[in-house]
Structure formats: C-alpha cells, structure tokens
Amino acid sequence: MASNHQGVVGFVNLDDLSLDLAASLLRSGYAVQAFESKPWRVRTPPRVASRYSKPLFTWTTTLRKILATGVAALIVLVSHADQINDVIFGNEGALKGLPKDAVIILHSTILPSYVQNLEKRLTGNLHLDIFSFIQLWFSGKCILMNDCETAYLVDVYVSRGMSGLLDGKVMLVHNSKGSDVFLTIQITSSGRSDAIARARPFLSAMCEKLYVFEGKVGAGSKIKMVTELLEGIHLVASLEAISLGVKVGIHPWIIYNIISNAAGNSWLGATPIMELMIASGKAVPKLQLEHGLAVDRVYTGSFMTSLDMAGRVFKNRAPNLLQGNTKHHFLSTFVQKLGTILDVAKSLTFPLPLLAVAHQQLILGSSHVFGDDDSATLAKVWEKVLGVGITDAANAEMYNPEQLANQIACKSSTVNRIGFIGLGAMGFGMATHLLRSNFCVLGYDAYKPTLTRFSEAGGLVCNSPAEASKDVDVLIIMVTNEAQAESVIYGDLGAVSALPSGASIILSSTVSPGFVSQLEQRLINDGKNLKLVDAPVSGGVKRAAMGTLTIMASGTDEALKSTGLVLAALSEKLYIIRGGCGAGSGVKMVNQLLAGVHIASGAEAMAFGARLGINTRMLFDVITNSGGTSWMFENRVPHMLDGDYTPYSALDIFVKDLGIVSRECSSHKVPLHIATVAHQLFLSGSAAGWGRQDDSGVVKVYETLTGVIVEGKLPVPKKEVVLKSLPSEWPLDPIDDIQRLNQNNSKILVVLDDDPTGTQTVHDVEVLTEWTIESLIAQFRKIPKCFFILTNSRSLSSEKASALIKDICRNLHTASTSVENIDYTEADAAVSVLGEMDAWIICPFFLQGGRYTIEDVHYVADSDKLVPAGDTEFAKDAAFGYKASNLREWVEEKTGGRIPASKVTSISIQLLRKGGPDAVFERLCNLPKVPIQPKVGISQGSRLAKLTEIYPAQAQLDQKYEGLCKLVKLTSGSMSLEGSTCIVNAASERDMAVFAAGMIKANAELKGKRFLCRTAASFVSTRIGIIPKAPILPKDLGINKEKNGGLIVVGSYVPKTTKQVEELRQQCGQILRSIEVSVDKLAMRSVEEREEEISRTAAMADCFLRAPPSESLEINFKVSSALVEIVRQITIKPRYILAKGGITSSDLATKALEAKCAKIVGQALAGVPLWQLGPESRHPGVPYIVFPGNVGDSKALAEVVKSWAQKGGYAVGAFNVYNLEGAEAVVAAAEEEQSPAILQIHPGALKQGGIPLVACCVSAAEQASVPITVHFDHGTSKQDLVEALELGFDSVMVDGSHLSFKDNVSYTKFISFLAHSKDMLVEAELGRLSGTEDDLTVADYEARLTDVNQAQQFIDETGIDALAVCVGNVHGKYPASGQILDLICSRLSSVSGITFLQLNNAESPFTSQTKNIIKNDLRALCLKKGVFLVLHGASGLSKELIKGCIELGVRKFNVNTEVRKAYMDSLNNPSKDLVYVMASAKEAMKAVVAEKMHLFGSAGKA
C-alpha cells in the first residue's frame, strides 16, 4: 500500500459516485484523503475505514489537512461554475498547498466553456479585463501566474456503464434467469497530453472503462451533454409509446416484455413501466446489499425476465424510480439540464428539434406538479399530460405472451404447403428459412430477379399472388404497405380468389391496427372460412434468414393454431397478444415509434457531437456504454460513421411506419410530439431524395442543414501511452508453475495449424505435414510434450476444411488408442468427433507480430501506433477479410450472428494482472454454458407435431483473422453447442503466461473441463512452458561454410510484405538475384507457355544457386501451383530456404520440398520460425525459414537475409589479357584458387590479337573447371561493337562518353538492342574519365562528371544493364596526393552464373559532394532501375581500400597495369628459349592474378 504523496489521492467534496471512485483507488493500493465541507453528506466513510487500515482512508472538513499530506492527485467535485473560485482559488482553496507536479482531476457537471477558462487560469493564459482582474484581486481569488504554471488539469465525466464481465461491481441486477449483470464505472477524460499522462494511473484505477480525449479540456462535459440529450428524448419517447400502447389496448407489461427484445429497446425505455409497477402496487421486492463503499440494491422478479437482445440493464437511475423517488424534483432537474444543452446549441446555431420537443414535454409535465407534492410520481404526472389511464392499465390482469405462444405451438396443425408473397429483403430470408426447415414454399414477388434467386434456393416460383395461394395451408404476406397488401389480397389475380376454404393468412407487413381489423372482417364476410393472423415481425434481414425474428402475433385461437408451426419456425421470440387481430400490429406500431425515434435521436446526437468537435467514433463508443444507448443507436450509428447508406432498411419505411403512428395517435386523441417530429425528419430525408437509402441516412438532414460531418474514424492510439495506462503486470512469473503442471499432466498437446507460421514461438518441437495413423503413432511413441500438424487448410473451402479437420481428429483418436498410456489434449474443431467443449477460447495476442488485445479490441502495432485490426490491410483480404476490431463483434460477424456479441465473455487485463492464475482459474470454471442461437425446427411425424430444438451442426467460421490463428485454426469446424465463447485480453507475455497457468489448472484439476482454443502462436509456447532462446544463425546449425546460395520465395502480397521486399532490395541488392516470372504466362496463356516459363525460372534459379555470390532468389507472382512447380524443378540444394507468407510456406514445404516431418529448431528472428527439413524431404537438413506476412517492420526481412547471408563478401577480378600467356595465366590461377574470373579484351588488344585472341579466351573459358566469362571493354566504335557481337563475347561495354548526351543515348540504345537480342549484357558509360589506357588518352579539360538527372533518362531510354559513371576517377596511375574514393556500389549482375559488375576504381581527388551524389543519388537510382553501377579507373589500390570497397558492395575489380608490369618484368631476365620466356611470363602474371583473387576474397568461391 502506498504511504507517501506519490500514492495519496485527495477528494474535494463527495457524492455516492465519488465514494465508489475512492473504493476503486483503495483496492488498487492508493491512500485516500477526503474533504467534505458538509459532514452530513458523508454516510459511508466509517464503513470504509473498517474495511481498510485507518491510514488508507481518512476524511476531514479542512482542505489544508489533505494538501498537507502531499497528494499526487486531487479529485474535485464541482456542481456549479461559481464553486470554482471557492474550491480552487479561494483563501482555503486547493492551489494554496497543492504539490508542484500534482494533477487536478475535475469531476464536474459544468459547461465546457467554464472548464476551458479554468485551465487557462491555471496555466496563466487567461486574459482578464482590468475590471475583472481588480474584482478577483480584492476577493482574494486572483493568483499570480507563477503560483499555478505547473498545475495540470484533467476534466472527467464519470458515469455508470454496464458490463457482464468486469469486476468493479458498482450495482448488481439479478434476473430470474440467474445471470448477473454489473453496472460499472466509466470515465471520459480530456486535457493536454502531459496532464493526461499524469492523471492516467489514477483514472485507470478508478474505472473499468477509460476514454481519453487528448487536447483541450471540456470533452467530458460535451459528452455528458450528448448523453443527456439522448436520455431526455428516450424518456419522453418511452412515455409516449406506453401511452399509445395503452390507448390501443396493450398492457404496459406486455409492451415492456416485448420491446425489451425488439428494436425499440433503450436503456431508459422501461423506466416508465417500472414506475407504473410501483404505482399499481406491483413493485418487485427491494433488498439491501452492502457492497463496496455504498449501499447498492439487488432487484429480482418477473419484470427482469427479458433483457433485450444486446443484454442491457437499466440505467443507474432505475433504483430511484423503483423506490418511487421520481418526483417533480427529477423533472425539474431534467428540464434544467436539457435547457442548458439547448442554450449551448443555440450559441452554436445548431438545431435540436427532438430535444426541443422533449424539453417542452418535460416542462409541461413539471407544470402539473404543485408545490412539494411528494405523491406526484412520473406515472401520475403523465396521466395528466396525455389524458391516458396508465395506472388502471397497469392494474389490469396479466398474462404471459410467450407462454401462450408455447401452448399454441404444441397444439398447432400440420402445414404442408406455404404460399409466400413479398420476397424483399426480409421476405426472402423468411421464405428461404422455411425451405431449409423442410416446408414446401411457393413464392411470388413483382421483381423477377428475386424469383430467380428463390428458385435457385429450392422454392417454387409463381407468376401471381393467386398462383402462390393455390392449394396452400398458410399464406404469408410480407409486402411494404397497406396498399400493396390490399392489392395482393383483393386486386387482379389476388390471393383471396385462389385460396382454398379454411386456409390461413399471416400478415407480417407493418400496417395500422385499424387496417388489420377491417381486413379480418372482410375475410369473414367472404364466406370461405379464411383465417387471419396479425403477425408483424422485428429483427432485421439477418435474423429473418436465420429464423430468429421476434414475432408479435394476434388473432383467434383457431387461426393461431393453424399457423403456430410456421410462426415458431420463423421466430426466436414468439409472443401471442390478446385482443384479436390488430393487437399484434399495435405492439409493432409502438416498437416502430421507439425504433424510429431512436434512429432520429441517434442522428441528432451524433451530429451535435460533431458540432461540439468530439471525435464521433469515440463518442459512439462512450454512448454505447452509457444511459443514452439504445438498440437502434448501436445498430444504425455505425452506418452513419462509415458513411455507408446501403439500404438494410429503407428510410421510406419509417416515413410509412411513423405515418401509421401519426394516424393512430390522431384517431385515439393521444398527442405524440416526439414521434411526430421524428416523422417529419424522415419525411425531410425522403424529400431530399434519400428515401431508398438506409434509414440511418436521416443523419444527412442534420449534415445538410448544419454542414457537419458525422462520418469519422477513431484516432489511432499511441502504443506506449496505451501500454503504460494498463495496471502493472502480475508480479510472479508463472512459467515454473506451468512446467510443473505440465509434468504432472501426462497429456500431449497436439496443435493443428493451418499454415506453418503458427510455429513462431516454439523450439525443439516437431511438425508433421501428414497425418496418417502410422505417422501419428510414431510421433506419440516419442512422448513429446507437444507436436504440430500442418493442415494446410487456409486455402480450402469451409466444407473441405471441416472434413479435413474431422479426418485428422479421427486419425488422432485411432493413433492415441494404439499406443499404451498415451493421452493428448485435443485442440480441434470437430466436436462431432471429439465431443462437447466447455468453452471456445479466443486468444490472438502475439507480441512478436505486434498483436495486442485490450478491452476486447484487437490491435496491430504499426510503428508507435496501435491500429485496430479491422482498419489494417489484413482485414481487407478478399478471401479472409473482416470488419470488426472488437473481438465480440468479430465472433458475431464470423458466425453470421449465430453467436451474438452479447453472448461472448472475456477475461480482462485487469483480472490477469490483479487476480493472477487463480482468478483465471475461477473465471474459466464458472463460464456459463450458452446455447448458440437455438432454432425451432419441425418434426411432422403425426398430426400433433413436436417442437424440436435444432442447432447448427457447425459454427461455420471464416479462415483467417490475422493474429487469430494457430492452436487450431477453426477454418470451419464445429464448436461446443453449449459452451461459452471467451476472449482473452493480453498485452504482454506475462499476461499470456498468467492465463495459460490458470487454464492448465482448470483443465487439470477439474474433470470434464475442456477448452477449444483459437489462438496466435504466443499461447502455444506459454501453454507448454517454453522459455525463449536467441535467434538461430547459420553457425548454430553448422552450415556457415556452405557454398551454395540461399533461396527466397515471396508469395505474400500484403502491403507490409511489399515494403519488406523493397527494403530487402535496398539493403541487400549486392547479394540479391531477382527472377521475374510472368503471371500472364502462368495463368492466362497455353499449357506449353506455362511450362516453358516454369522451366526457364527453375533453370535460372539453379544457375544462381550454383554460382555464388548469388545469395537469394525472389519469385514474384501469385500463382501458387506454378510457384510450387518451379521450386520442385530446382535441383541445386540451397544453403537455406526462406518462404514469405503462410500459404506459400505451407505449399512449398509439403508439395515442393515433400517434407513429411520437420523439427522446429527455433526462430531466425522474433516471430519467424526456423525448421530443419526431415530426412524424407528433397533437401534433408536444409534450414527452412517460415517468414509470416504479418510479422516485423519494413526492415525485418532484410535483417534475416543479412544474418543468413554468407559472411565476408568478395569481388571478382576482371583481368585484361593480350595473348595466350595472359589467358592461360588467369585461367590457371582461377582453377588453382577455385575462383571465378573475367577475361577482358580492350579494343587495342583486339586490334593486335584479332579473332584468334578472342577464340583463345572463349575456348579457355569453356574448358575451365571454374566459372570464366569473356568481356569486350570500351567499344568506342559502332563497327567494332557490331563485330564483337558476333565473336562470342558474353558481354560488351558501349563507350559513347566522347559523344554528346543525345548521340550517346542513340549510340548506346542501338547496340543495346542488338546485344540483348543475343542474350548479352550491356554496359555503357555516362560522363568521361581523364587519363590514359592502352594508348587512348583523354585530357583533363575533356573529362566531365556524370549528371544524375541525365542518368535516369539514359537508363530509361537505352535499357542497359550496367552504367559506368565518372565521379572524378581517372584511367591509369593516380597521383600520390590523391584522396581515396569513397566507393558506393549498387546491385550486381551475372554472366553464365557469375556475378557481373564492372568496377574499376582507385584513388581520386574529388569532393564530398561528389561522394554524396554517388551514395544518395546514383546508388538509389541504380537500385530502383535494376542497373549495375560501374566505376572505371583502378590501379595500385591498397589492401585496406580493397576491403573497404568490398564491404561497400563492390564485386568486380579491373586488373590491368599490375599484370602487364609482371609480364614486362619477366622479360628483363632473358631465358635460353622462347618456351621458357612464355612459361616465365605466365608464372609472373599468374602470381599477380592469384594474389588479387585472395585480396578480392574470390578464392575458394567457385
């Protein structure tokens, strides 16, 4: 526990919420000092002191006593702006003794402008007029700037959010179904970044949800205004809805029960109903529970039986309403708050029509209260306002609509044929679901393409309503409005004319209750005994297709029994409403009133928030956890934020539905002001041309009027800030406990991995690429603690992947039973094989891949930012994409709604870091078993059909969520039908270890606890207790002396990979060989062209791998099968193989390299697994580096390649030869030293030696046992070059340096075209060197440097392979005083497998500016263009300079003068015979050549 001022938090003024905040701080180890000027307000501190040691919580009525303790933070509760001066600036104010670095946390209800002025005063930036200054001075409330310049201010808005998971138990609501829901504290804070940084530890300790708005203070107050705007509108709307429902004969309790499970629900929606229950004497029992610092209340009873589909609880105001405390004081307070908001909006010239009407209604309500009449409850007030007998309706006899539905369904008649009219968005889903439920369905729709789709789904297509009604038992009508319903029933070729006598009609369209009543009477009058069921639906398109709608049905008992099976098949919630036809539409009308108002109020709130300058994404997140939320707010506002108005439900539908409300309220004489204004807003949107867009488009009414933009994205948080804001890690490392638990547990962990990247964190573990029973038995007999099975299932369809997983599991089961005393942990999706699981664990944390899960949101680290996963390039993958970053929502998205987000639980970081493994153990052992959206199916074996609970056999899951992979990739497997889905939050390896320890304990110590894990690689290593080790290098495997090059295959094409490949080229261009493969030939051309391209690529790869310094191969194409075939055809054994991308690495390992087993020896880089291929593979023992597409920064790939490249680079000598002795000397030295070499012929030598000299060199190169190439140097004559092209040279140099730039381009382009047609490489020169070579002299005044801008144009127009530049270097001997050239080389080329880069270099006097040109411009240009940079002029270079040049990337040196000198010197010692002269000269030259080969490092590299 803290004892100094670092850990002391002061409170100034107290309320119930402040006490809850203080309790949270105490639980986190802080000491609390509280000041309250009115002691009678402090009810609970004595109880606090009894729970915590006395020094930790004290309270006083003297502020200075608190300040004397040296608080680190001071939390100030300010209710009114005029309190600021007294509490903060007064003689006894907070600033008088506040420590220099302390932070003031203002927990206020004042306007943002006052908070901003306060910050200015605290920082000395408030400029007062002289009158205000004097006034403050004489009042003693004006402080000097230097007294407060170090004060930090953070503005917070504290509210009670809701969570079923977090343990900050502020208020507990327990329902009769036995599930607990906790109201939790959430804090919205704002302030400068430095102030936020100081306040964050305290804020995090006080709440379960913290929202931070960095910048100006005041955001908390602004969000409070937006939340109260919604609360006010929702309150009045719910009162209007109850009143309308009562007027049309619906019991208030029925309204509550149904709306709580439909789209009209909101957090405050049931408040008036609870008030009514009190007024009617049917209040639920009230129990007292002392919890924490305050006395909270637990409520139980029938009214809590149905929470809405999003799992909400009621606003924290509900207890006061239940106690009957919602008197006129509440109305007056609300009126005041809403009035303040309207004043702010007026100052911003921003219209708030819905809030303005709600405000006026509340004013009207408060006007009906006289004096201090404490009996004036909200219900009684509203009876006076609207003239509706709410209390009498609440006292009416109750019934259970769901119980009635069950009774009707059990007595329902068999249905053989169903007619369905209206196959729109909702209707199509309903009709096709009936087909899947084994009904025979005849469908009709006016839109012909829909009929085609329906036919493809298995339905019978009809051409008219009459045809769809022929010989059916039940006819369902799902059209848009009353006019369409009238037309399809009684129009031309209408349904009534064809329906058989006694048939039933289900009218599911949203129509007025009056229309339904009149329709029923007409059907009776027709005399065909046609029965009508009024059955409007709610739930949306997805629920329609899944058969999980909410249906409100009414009609005669006979009609309901004849349709009961159909209604049950379509619904998750079926309510039978008493009152005859029209009652169901009455409930739907009330629902639509609330739904429409909630959409419009959401638009008004978000637009107002945008006008206030709040980030709308963050605003949405805050509101969804506040009292302002509603089902429609959470469902429709995301459309507004995305700017996506694709019509899920058209705006014109609410024009119609609220139009029904307007007509009915007029008919029943109930004034509904909020609903009427909402109707006008939708009408405005329709008039603007948005009627067929999504109904969320109503927000554009506000955007158009005010110019605001609601669409927005969350600010990307800084990684460091977020991680620092989390609680401290669990202090004990659980790895030892994990290892002990694993030793005591004999089970073998089997990991099914859909690609090899799942091995990113383990070492000394084997991976199988086959799963035959024999191979599995062999693996089990080794008794490993863990092994992987590479399923390679990522690229499979859901059906094929599911079948594959089941096959593997069957083989595992068979193999395990064949080995004595073997048991294993089944990490797998095929529950049909392995049995039921208790929970599905989702754990995507992966530190090496920058994957963090915080507050259920999965983030991907990008530099210093944390990007929500749904906003990354991985989420946009065409095959495996997703939208949700919140993992709860991701589960719902990937399961198609079968597992709703509200049913997903989670383990928080707070639990991991504060509770440790034991808390995890308790949490996992108490996870509730939640069915996955049960569907009601039909079994029609007899006249009295039975209802059967039909669950989906498989939770069909998409295959890829970047970072959500490994320990069983659930590509499409089943999961426990009754098990929970649990998300694991984690932000460090310690978090992961804490969870693993708790899970192992739960698995080992409680029989029957079985967990199905879908995780990233980090979980596997912690689960088996692996301790990380350093990255593996070639020397660790004993291959550092291997001569062959490495092989790199790139098959991942996410943007991160593209950046990594670009960086690889930049850093490793001098050792990299790229082979570009034509995707067009592989995918679009003939089989012959495809095979030719594959063979060509494989042959080039063989050539490069055989003849280093070619270190790597990069194959750029997307055709996986061709890539496999290319690698299969490569015959040379690579020094190592690196595969980039999950699918690529899997295909290469299994198909190209034919590996059946490999050992995971460790990692080449953090998160980059390294295998050693098994003996059965094509390249036994070769290291196989699996480089995932989602790991590392842009430099990661280059780092791995450099660490695995052959150390100690070398260069190849290009030796000028003039005769047979010279050629033999070079070849002899090369063979003895096992070095590659280049025979180079200058035009002068060619003139003297002629064709015989060339033939001699070519023949020597062909017969040599090491790689030798022949190069024609300095071709200044077109005629010489054209002739040289026919003489057998491997490459030529086009020297047009004596020409103008234009002529040089033309000259070089001509020769380049001819040479390339003969597969010869071309070097050219830009700029001109001075000096003499072979009697060719260039004067100093004729020399010119290379122009970088010209170089790009030159390369582009000529298409050359190598560029010789002039940067101050010269031909011939350099003066002794010359400066050393800072050599910068770029990429290399090759002739016949030999690295090709002509570089003649020496000492040269030139400026540092020239060095920078080479380094920063020419090098970058040549890298970009794939052209080799060449420098001419090298003689007499020192050993140090040679080594330096090689380190900088030089790979070829011209050697001429020293070889010629050795030849000439040998002639100074006359021999007796010419043969001895030749031998002597050859030996002299050979010695120089050999010396150079050692100097260049090429010896031994052939």
Side-chain angles (χ1 to χ4, degrees), residues 257-265 306-312 401-402 405 409 420 422-437 439 441 457 476 478 480 506 508-510 535-553 565-575 584 587-588 591-592 594-596 598-599 630-636 638-639 646-650 653-654 657 694-696 883-884 888-889 891-904 930-938 949-952 955-956:
N257 199 29
I258 295 175
I259 299 303
S260 292
N261 290 278
N265 185 51
S306 295
L307 291 177
D308 78 300
M309 63 187 77
R312 293 179 183 79
E402 289 183 274
F420 205 110
L423 300 174
M426 291 285 289
F428 187 86
M430 294 167 67
T432 51
H433 177 73
L434 289 173
L435 288 172
R436 290 192 294 273
S437 299
F439 288 101
V441 185
I476 302 174
M478 188 63 181
T480 303
I506 298 175
S508 289
S509 304
T510 301
V537 302
S538 178
V541 175
K542 286 185 178 180
R543 287 185 171 278
M546 293 165 56
T548 56
L549 291 168
T550 295
I551 299 181
M552 299 142 276
L565 290 180
V566 178
L567 294 172
L570 291 171
S571 62
E572 178 184 27
K573 293 285 185 179
L574 175 60
Y575 300 97
V587 175
K588 178 63 184 293
N591 181 75
Q592 293 305 91
L594 289 168
H598 292 164
I599 294 173
S630 67
W631 192 91
M632 279 298 191
F633 181 88
E634 295 181 19
N635 186 267
R636 297 300 203 271
H639 302 182
T646 303
Y648 294 91
S649 176
I653 290 177
F654 274 103
D657 290 355
D694 190 72
D695 50 33
S696 60
K883 291 183 178 180
R888 293 167 178 265
E889 298 168 3
V891 170
E892 180 172 338
E893 177 185 345
K894 288 300 182 182
T895 60
R898 283 184 291 276
I899 306 176
S902 60
K903 301 296 184 183
V904 180
V930 183
I932 303 173
Q933 292 296 344
K935 300 179 183 181
V936 180
I938 309 302
E949 292 289 327
I950 304 297
Y951 294 85
Q956 296 288 341

(request) Indicate yes or no for a side-chain donor-acceptor contact from Ser509 to the backbone of Thr480 under 3.5 Å, with no hydrogens or angles considered. (result) no
(message) What's the separation between atom CD in Glu889 and atom NZ in Lys883, rounded to the nearest 0.5 Å?
(response) 12.0 Å
(message) For a quick test of reading the model, state the closest non-hydrogen atom pair linking Asn591 to Ser538 and the distance between them.
(response) ND2-OG, 3.8 Å
(message) Ignoring hydrogens, what is the shortest heavy-atom contact between Phe633 and Pro638? Give both atom names and the distance.
(response) O-CD, 3.9 Å
(message) For Thr432 versus Ala457, what's the shortest heavy-atom pair and its separation?
(response) CG2-CB, 3.9 Å
(message) Looking at every non-hydrogen atom in both residues, tell me the closest pair between Leu565 and Phe439 and how far apart they are.
(response) O-CZ, 4.4 Å
(request) Taking the side chain as every heavy atom from C-beta outward, state whether Asp694 and Arg636 have any atom pair closer than 4.5 Å. (result) yes
(request) May I ask you to test the Leu570-Ile551 pair for a side-chain heavy-atom distance under 4.5 Å? (result) yes
(request) Go through the structure and list residues passing side chain to side chain donor-acceptor pair (under 3.5 Å) with Thr510, not counting sequence neighbours. (result) Lys588
(message) If you compare all heavy atoms of Met430 against all heavy atoms of Leu549, which two are closest, and at what distance to 0.1 Å?
(response) CG-CD1, 3.8 Å
(message) Could you work out, with side-chain contact (heavy atoms from CB on, under 4.5 Å) as the rule, every residue matching Ala405, not counting sequence neighbours?
(response) Leu574, Ile576
(message) Would you compute the distance between atom CD1 of Ile506 and atom CG of Leu567 and round it to the nearest 0.5 angstrom?
(response) 4.5 Å
(request) Quick one: pull up NZ in Lys573 and CE in Met552 and give me the separation to the nearest 0.5 Å. (result) 13.0 Å
(message) Side chains of Leu434 and Val566, heavy atoms from C-beta outward: is any pair under 4.5 Å?
(response) yes
(request) Measure across Ser696 and Ile599 and return the closest heavy-atom pair with its distance rounded to 0.1 Å. (result) CA-CG2, 4.3 Å
(request) Kindly compute the distance separating CE (Met478) from CE (Met426), expressed to the nearest 0.5 Å. (result) 4.5 Å
(request) Starting at CZ of Arg543, measure out to NE2 of His433 and round the result to the nearest 0.5 Å. (result) 12.5 Å
(message) Given 3.5 Å as the limit, does a donor-acceptor pair link the side chain of His639 with the main chain of Thr646, or not?
(response) no
(request) Kindly indicate whether the side chain of Gln592, heavy atoms from C-beta on, has any atom under 4.5 Å from the side chain of Pro536. (result) no
